[in-house]
**Q** 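Take a look at the following structure, please.
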Amino acid sequence: MNTYARLPVAFASGEGTYLLDTQGNRYLDGLSGIAVVGVGHANPRVADAIAQQAKTLTHTSNLYEIPLQEKLADRLCALSGMEKVFFSNSGAEANEAAIKLARIKGNRQGIKKPTTIVMDGSFHGRTMATLTATGNRKVHAGFEPLLSGFVRAPYDDIDAVALIAANNPDVVAVFVEPVLGEGGIHIPDANYLSELRKICDEHNWLLMLDEVQTGNGRTGKYFAYQHTNCLPDVVTTAKGLGNGMPIGACLARGEAAELFAPGNHGSTFGGNPLACAAANAVLDEIEEHNLCARAESLGERIVSGLQAGLNGNNRVAEVRGHGLMIAVELNEDAPELVSQALEQRVLINVTQGNIIRLLPPLTMSDAEADELTAKIVALVQS
Ligand SMILES: *Cc1c(COP(=O)(O)O)cnc(C)c1O
């Protein structure tokens with residue numbers, strides 16, 4: 001159906017940071033399929049894991065034990081400080097699980113209308129619950145009635161959350177991205193998450209983080225909250241977890257990890273052997289090549305290169321980044337930059353009309369990072 005305004009190019013193959021189109025032209029990928037292909041296109045270890053698993057066993061359903069899923073869950077818990085995992089096939093579904101956890105907690109406590117605080121400018125997905133949670137009118141429009149049980153606060157505004165806390169006894173959770181992704185790579189105050197943690201503790205709310213885009217090493221830690229000294233109760237991820245194999249996860253600890261019982265939630269495909277084989281191979285790559293630290297240093301390299309190259313350019317409002325989530329915010333809308341970049345054989349995204357968003361693979365070389373930087377500088381100057 002007509003859900004995307006597609007660019008007139010089709011890719012036939014990929015290798016690392018590059019894609020080849022059906023005519024044989026080579027493109028530098030500054031977007032990795034929207035933060036998905038973190039360990040690079042056609043990653044050999046992930047490709048082998050998928051091929052081997054496809055020849056062995058792809059799917060049995062969650063009616064039976066799945067050792068590869070248990071292994072992946074143990075590894076994700078060890079990486080995150082969480083205790084239990086529910087596996088899904090996408091980010092939106094991982095977020096549905098989080099939203100259901102908040103509601104089941106509230107209903108067990110006898111709260112009349114369990115309510116989750118969500119943020120303006122956020123993006124949580126396209127299912128009815130996650131589009132309702134999303135803080136963007138364009139995502140809501142035409143799909144009313146939205147779900148009840150959400151209240152909105154401005155992003156990076158602790159006072160607004162404290163005001164809701166003082167006035168709304170139905171709140172059970174805060175659901176927030178550690179960095180706004182689709183919303184334009186907005187990086188909150190360094191104390192934002194720990195201030196939210198404090199309010200959640202005071203009111204017995206769940207702190208639930210949407211790390212669908214920020215997770216899997218992209219910001220320089222496995223999860224973005226690991227730059228702070230606070231732990232959420234629930235964290236969701238997806239995009240980079242399978243390097244293109246569809247898989248999502250909702251992780252939880254403490255009370256939140258024990259809320260679901262058989263019958264409360266499920267997924268036919270979620271966490272099947274094929275998806276888990278791919279994700280285990282992604283974790284192997286991230287660990288073996290130290291890709292979290294690599295994302296941090298590559299991000300610093302690209303941001304400082306962009307700042308130097310665009311210094312004094314009156315089109316540019318700000319260059320900012322957190323690891324390999326990088327934004328060049330322009331003073332005016334420039335959606336045409338996406339097709340101009342395509343002509344220059346570089347893949348980028350423009351979000352919110354005026355924000356160039358870069359989400360390149362964590363495996364790129366310094367030379368590729370410098371090539372990406374130079375191409376973006378030239379694009380903005382042209
Ligand atoms: C992409 C994204 C989602 C939705 O993920 P899907 O896999 O498209 O359902 C949710 N939250 C955030 C922060 C995202 O970036």
Side-chain angles (χ1 to χ4, degrees), residues 30-32 34-36 38 91-92 94-95 98-99 116-126 130-140 150-161 164 173-197 207-221 223-228 230 232 234-240 248 295-296 299 302-303 306 316-330 333 335 348-360:
L31 196 57
S32 354
I34 323 182
V36 168
N95 289 344
I99 292 164
T116 295
I117 300 176
V118 292
M119 306 305 165
D120 293 340
S122 65
F123 182 80
H124 298 297
R126 300 289 193 158
T130 59
L131 82 82
T132 299
T134 291
N136 178 347
R137 279 298 305 151
K138 284 188 196 154
V139 173
H140 301 159
F150 294 96
V151 288
R152 297 178 199 287
Y155 191 67
D156 196 16
D157 185 340
I158 279 294
D159 294 343
V161 175
I164 296 170
V174 174
F175 189 35
V176 60
E177 290 164 85
V179 175
L180 292 185
E182 306 301 306
I185 319 287
H186 288 291
I187 303 156
D189 186 90
N191 294 321
Y192 185 49
L193 292 186
S194 45
E195 300 280 342
L196 286 175
R197 178 73 270 174
L207 177 59
M208 312 200 300
L209 300 183
D210 180 344
E211 295 235 22
V212 170
Q213 189 161 154
T214 52
N216 308 293
R218 179 151 295 277
T219 71
K221 302 279 186 193
F223 284 120
Y225 68 80
Q226 294 172 319
H227 292 281
T228 74
C230 76
V234 176
V235 52
T236 62
T237 194
K239 287 192 166 89
E296 182 144 52
I302 295 170
V303 166
L306 290 170
V316 176
E318 188 183 37
V319 176
R320 57 177 176 267
H322 195 13
L324 286 175
M325 295 180 81
I326 297 165
V328 179
E329 181 162 346
L330 304 175
D333 281 4
I348 63 163
N349 175 249
V350 172
T351 187
Q352 305 299 310
N354 67 324
I355 301 171
I356 299 173
R357 179 172 56 151
L358 304 177
L359 302 162

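What you see is a predicted model; the values in this text were computed from it and never measured.
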**Q** Holding to side chain to side chain contact (heavy atoms under 4.5 Å, CB included), I want the full list of residues that pass it with A153, two or more places apart in sequence or in another chain.
**A** I117, M119, A160, V161, I164
**Q** Please evaluate residues V234 and L209 with respect to the criterion side chain to side chain contact (heavy atoms under 4.5 Å, CB included), reporting the C-alpha separation (whole Å), side-chain torsions for both, the decisive distance (0.1 Å), and the verdict.
**A** CA-CA 6 Å; V234 176; L209 300 183; over 6 Å; no
**Q** Could you work out, with ring-ring contact (aromatic ring centres under 6.0 Å, His included) as the rule, every residue matching Y192, not counting sequence neighbours?
**A** Y155
**Q** Taking only residues two or more places apart in sequence, or in another chain, which ones meet F175 in a ring-ring contact (aromatic ring centres under 6.0 Å, His included)?
**A** H124
**Q** Sequence neighbours excluded, which residues qualify as side-chain hydrogen bond (donor to acceptor under 3.5 Å, both in side chains) partners of S32?
**A**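 For S32 there are no side-chain hydrogen bond (donor to acceptor under 3.5 Å, both in side chains) partners, ignoring immediate neighbours.
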**Q** Strictly by modelled atom types, are T237 and N216 linked by a side-chain donor-acceptor pair under 3.5 Å?
**A**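 Yes, N216 and T237 have a side-chain donor paired with an acceptor closer than 3.5 Å.
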**Q** For residues V176 and S122, determine if any side-chain heavy atom of one lies less than 4.5 Å from a side-chain heavy atom of the other.
**A** no
**Q** What residues form a side-chain hydrogen bond (donor to acceptor under 3.5 Å, both in side chains) with T214, not counting sequence neighbours?
**A** E211
**Q** List the atom of A190, the atom of T228, and the distance in Å for their closest heavy-atom pair.
**A** O-CG2, 4.4 Å
**Q** Can you name the residues that form a side chain to side chain contact (heavy atoms under 4.5 Å, CB included) with R126, not counting sequence neighbours?
**A**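 Here the qualifying residues are F123, V139.
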**Q** Check whether any side-chain heavy atom of D156 sits under 4.5 Å from a side-chain heavy atom of I187, and report yes or no.
**A** no
**Q** Decide side chain to side chain contact (heavy atoms under 4.5 Å, CB included) for I355 and L330; before the verdict, give the C-alpha distance in whole Å, the side-chain angles of both, and the deciding distance to 0.1 Å.
**A** CA-CA 6 Å; I355 301 171; L330 304 175; over 6 Å; no
**Q** Going by the rule side chain to side chain contact (heavy atoms under 4.5 Å, CB included), which residues pair with A173 if we only count those two or more places apart in sequence or in a different chain?
**A** A102, T116, L206, M208
**Q** Are I348 and L31 close enough, and set up right, to give a side chain to side chain contact (heavy atoms under 4.5 Å, CB included), and what steps lead you there?
**A** CA-CA 5 Å; I348 63 163; L31 196 57; over 6 Å; no
**Q** Among all residues two or more places apart in sequence or in another chain, which pass the side chain to side chain contact (heavy atoms under 4.5 Å, CB included) test with V303?
**A**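 So V303 forms a side chain to side chain contact (heavy atoms under 4.5 Å, CB included) with Q307, V319, I326.
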**Q** Would you check if the side chain of D120 reaches a backbone N or O of G135 as a donor-acceptor pair within less than 3.5 Å?
**A** no
**Q** For the residue pair I158 and L196, establish whether any side-chain heavy-atom pair is separated by less than 4.5 Å.
**A**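 Of all side-chain heavy-atom pairs linking L196 with I158, at least one is under 4.5 Å.
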**Q** Mind checking what makes salt bridge (charged side-chain N to carboxylate O under 4.0 Å, His left out) contact with E329, not counting sequence neighbours?
**A** R320
**Q** Got a second to check how far C230's SG is from L207's CG, nearest 0.5 Å?
**A** 6.0 Å
**Q** In chain order, what residues pass the side-chain hydrogen bond (donor to acceptor under 3.5 Å, both in side chains) check against T219, with sequence neighbours excluded?
**A** H227
**Q** Please check: side-chain N/O of H322 versus main-chain N/O of A224, any donor-acceptor pairing under 3.5 Å?
**A**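 Between the backbone of A224 and the side chain of H322 there is no qualifying donor-acceptor contact (under 3.5 Å).
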**Q** Check whether any side-chain heavy atom of R218 sits under 4.5 Å from a side-chain heavy atom of P360, and report yes or no.
**A** yes
**Q** First locate atom CG of D157, then atom CD of E195, and finally report the distance between them rounded to the nearest 0.5 Å.
**A** 11.5 Å
**Q** Any pair with a residue in residues 173-189 that passes side-chain hydrogen bond (donor to acceptor under 3.5 Å, both in side chains), sequence neighbours left out, goes on the list, sorted by first then second residue, please.
**A**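 Pairs touching residues 173-189 that pass the test: E182-Q213, E182-R357.
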**Q** List the steps and the verdict of side chain to side chain contact (heavy atoms under 4.5 Å, CB included) for N349 and I34.
**A** CA-CA 8 Å; N349 175 249; I34 323 182; over 6 Å; no
**Q** What is the minimum heavy-atom distance between G125 and T130, and which atoms define it?
**A** C-OG1, 3.1 Å
**Q** Measure the OG1-CG distance between T236 and D210 for me, rounded to the nearest 0.5 Å.
**A**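 Spacing of OG1 (T236) from CG (D210) equals 4.0 Å.
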**Q** Which atom names give the shortest non-hydrogen contact between F223 and G215, and what distance separates them?
**A**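 Closest approach of F223 to G215, heavy atoms only: CD2-CA, 3.8 Å.
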**Q** So which heavy atom on A295 is nearest to which on G220, and how close?
**A** CB-N, 4.2 Å
**Q** Output the distance between atom CD1 (I185) and atom CD (Q352), rounded to the nearest 0.5 Å.
**A**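 If I round to the nearest 0.5 Å, the distance is 10.5 Å.
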**Q** Do V328 and L306 make a side-chain contact, defined as non-hydrogen atoms from C-beta onward lying under 4.5 Å apart?
**A** yes
